[in-house]
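Below is one structure, written out as structure tokens; the observations come after it.
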There are 2 protein chains.
Amino acid sequence: MSKTNPPFMSGVPELLVLRLLSQQEMYGYELVRAIRHSTLESISLAEGVVYPTLHSLESRGLLRSREASNSVRPRVYYKTTARGKRRLKELLQDWDRVSGGINAALGELYA
Amino acid sequence: MSKTNPPFMSGVPELLVLRLLSQQEMYGYELVRAIRHSTLESISLAEGVVYPTLHSLESRGLLRSREASNSVRPRVYYKTTARGKRRLKELLQDWDRVSGGINAALGELYA
DNA sequence: AGCCTATACCTATAACTAATAGGTAATATA
DNA sequence: TATATTACCTATTAGTTATAGGTATAGGCT
């Protein structure tokens, strides 16, 4: 049971993570809040979504991580690599195409 | 192998089908073309996506079908039910929320 | 001291569903 | 006659989000 595949969320964690980490380095827990904030509380991704996404993206070479030692708590900072930025560009194109297509279909009322 | 989960497509077949069939009755094969056309060729859903979607939506009471007898070929016409329209309204709200959130996060550059 | 909340990381499992790749059959078209 | 188009269909795969857990430290409150 329970919503595992909510509408319109496929690709969203990857897009938001690559996007936010291409602007500035962040650690996972911080990123969870950044996602909520940057989407104006419209999208909230739980830690159980964000951490696996980070690991997957790093293993694919789209993110690079470093451990912060001088911090009180152990933190793993991530940032988007050059390959990650190319992937981001690709995702942005997909997003424009799909959202454009949907909005065109929805706007058909007034056409 | 091969793209089974392309980005940003979750919920899209359901949304487009409910939307188009809430405007006018159509049969599956026609709907495939209508989806391509209404999205300005941005989104193309194969028959293998559309037919299962139609069957699923009908079994959930969101669509109703009738068979056209006087046609040369056997055609099954579908239209969105009242329940389907309520579901559509829900999906449209989700779409606004998610796409709004994403666009807010993407627009952060200029903020 | 004891308790709760927040911080910060993590994993296993389930659920769902879009896409692919097939398949049937009749009718136009070249 | 051969091919493309119309019109329907299903089985399977693949991928990935969400949930529900879990660990451990630090700080605030009673």
Side-chain angles (χ1 to χ4, degrees), chain A residues 1-18 25-36 43-60 62-63 65-78 87 91 94 98 101-102, chain B residues 1-18 25-36 39 43-60 62-63 65-78 91 94 98 101-102:
Chain A
M1 65 181 100
S2 66
K3 316 207 100 177
T4 39
N5 290 37
F8 315 124
M9 287 304 289
S10 68
V12 171
E14 187 181 353
L15 173 70
L16 293 179
V17 167
L18 286 177
E25 190 181 59
M26 271 187 269
Y27 57 95
Y29 198 78
E30 186 184 10
L31 190 57
V32 169
R33 279 184 260 117
I35 287 167
R36 252 199 320 263
I43 297 173
S44 188
L45 300 182
E47 293 167 56
V49 172
V50 172
Y51 286 112
T53 299
L54 287 169
H55 302 155
S56 160
L57 292 175
E58 185 177 26
S59 78
R60 290 158 61 197
L62 308 179
L63 295 180
S65 73
R66 67 170 184 90
E67 282 128 61
S69 42
N70 58 336
S71 178
V72 192
R73 293 170 194 282
R75 285 175 175 171
V76 188
Y77 284 86
Y78 293 87
R87 172 63 178 155
L91 283 173
D94 280 354
V98 172
I102 291 176
Chain B
M1 65 179 103
S2 66
K3 315 208 100 176
T4 39
N5 291 36
F8 315 125
M9 286 305 288
S10 69
V12 171
E14 186 180 354
L15 173 69
L16 293 179
V17 167
L18 286 176
E25 191 181 59
M26 269 187 271
Y27 57 97
Y29 198 79
E30 186 184 9
L31 190 57
V32 169
R33 278 183 261 118
I35 287 167
R36 252 198 320 261
T39 62
I43 297 173
S44 187
L45 300 182
E47 293 166 55
V49 172
V50 171
Y51 287 112
T53 300
L54 288 170
H55 301 156
S56 160
L57 292 175
E58 185 177 26
S59 78
R60 289 158 61 196
L62 307 178
L63 295 180
S65 73
R66 69 171 182 88
E67 282 129 61
S69 42
N70 59 336
S71 179
V72 193
R73 293 168 194 283
R75 284 175 177 172
V76 189
Y77 283 86
Y78 293 87
L91 282 173
D94 280 355
V98 173
I102 290 175

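All of these numbers come straight from a predicted model, not from anything done at the bench. Lettering of chains follows the sequences in order, A, B, ..., and the numbering in each one begins at 1.
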Close side-chain approach of Leu62(B) and Glu14(B), heavy atoms under 4.5 Å:
yes
Using a 4.5 Å cut-off on heavy atoms from C-beta on, say whether the side chain of Tyr78(B) contacts that of Glu30(B).
no
Just how far, in rounded Å, is [atom2] of [N] from [atom1] of [X]?
| X | N | atom1 | atom2 | result |
| --- | --- | --- | --- | --- |
| Met26(A) | dA8(C) | CE | C1' | 15 Å |
| Asn5(A) | dA14(D) | CG | C1' | 12 Å |
| Tyr77(A) | dA8(C) | OH | C1' | 11 Å |
| Ile102(B) | dT17(D) | CD1 | P | 12 Å |
| Phe8(B) | dT17(D) | CZ | P | 10 Å |
| Leu15(A) | dT17(D) | CG | C1' | 15 Å |
| Arg75(A) | dA24(D) | CZ | C1' | 15 Å |
| Asp94(A) | dA19(C) | CG | P | 12 Å |

Any side-chain N or O of [X] less than 4.0 Å from the OP1 or OP2 oxygen of [N]?
| X | N | result |
| --- | --- | --- |
| Tyr29(A) | dT7(C) | yes |
| Arg60(B) | dT17(C) | no |
| His55(A) | dT11(C) | yes |

Please check: side-chain N/O of Ser10(B) versus main-chain N/O of Ser10(A), any donor-acceptor pairing under 3.5 Å?
yes
In Val50(B), Leu31(B), Ile35(B), the residue satisfying side-chain contact (heavy atoms from CB on, under 4.5 Å) with Leu16(B) is Ile35(B)
Nearest heavy atoms of [X] and [Y], plus distance in Å:
| X | Y | answer |
| --- | --- | --- |
| Tyr77(A) | Ala68(A) | CE1-CB, 3.4 Å |
| Pro13(B) | Thr53(B) | CB-OG1, 3.9 Å |
| Leu91(A) | Pro7(B) | CD2-CG, 3.7 Å |

Within the 4.0 Å heavy-atom criterion, would you say Val76(A) contacts the bases, only the backbone, or no part of the nucleic acid?
sugar-phosphate
Inter-residue atom distance Leu15(A).CG - Met9(A).CE, 0.5 Å rounding
10.0 Å
Contacts of Tyr51(A) meeting ring-ring contact (aromatic ring centres under 6.0 Å, His included) (sequence neighbours excluded), chain-then-number -> none
Atom pairs under 3.5 Å: protein N/O with N/O of nucleotides 26-28 of chain D:
{"unit_1": "dA26(D)", "atom_1": "O4'", "unit_2": "Arg73(A)", "atom_2": "NH2", "d": "3.1"}

Nearest-nucleotide check on DNA chain D, Tyr27(B) vs Gly11(A); residue mapping nearer the 5' end is Tyr27(B)
Taking DNA chain D as the partner, which of residues 43-52 of chain B come within under 4.0 angstrom of it by heavy atom?
Glu47(B), Gly48(B), Tyr51(B), Pro52(B)
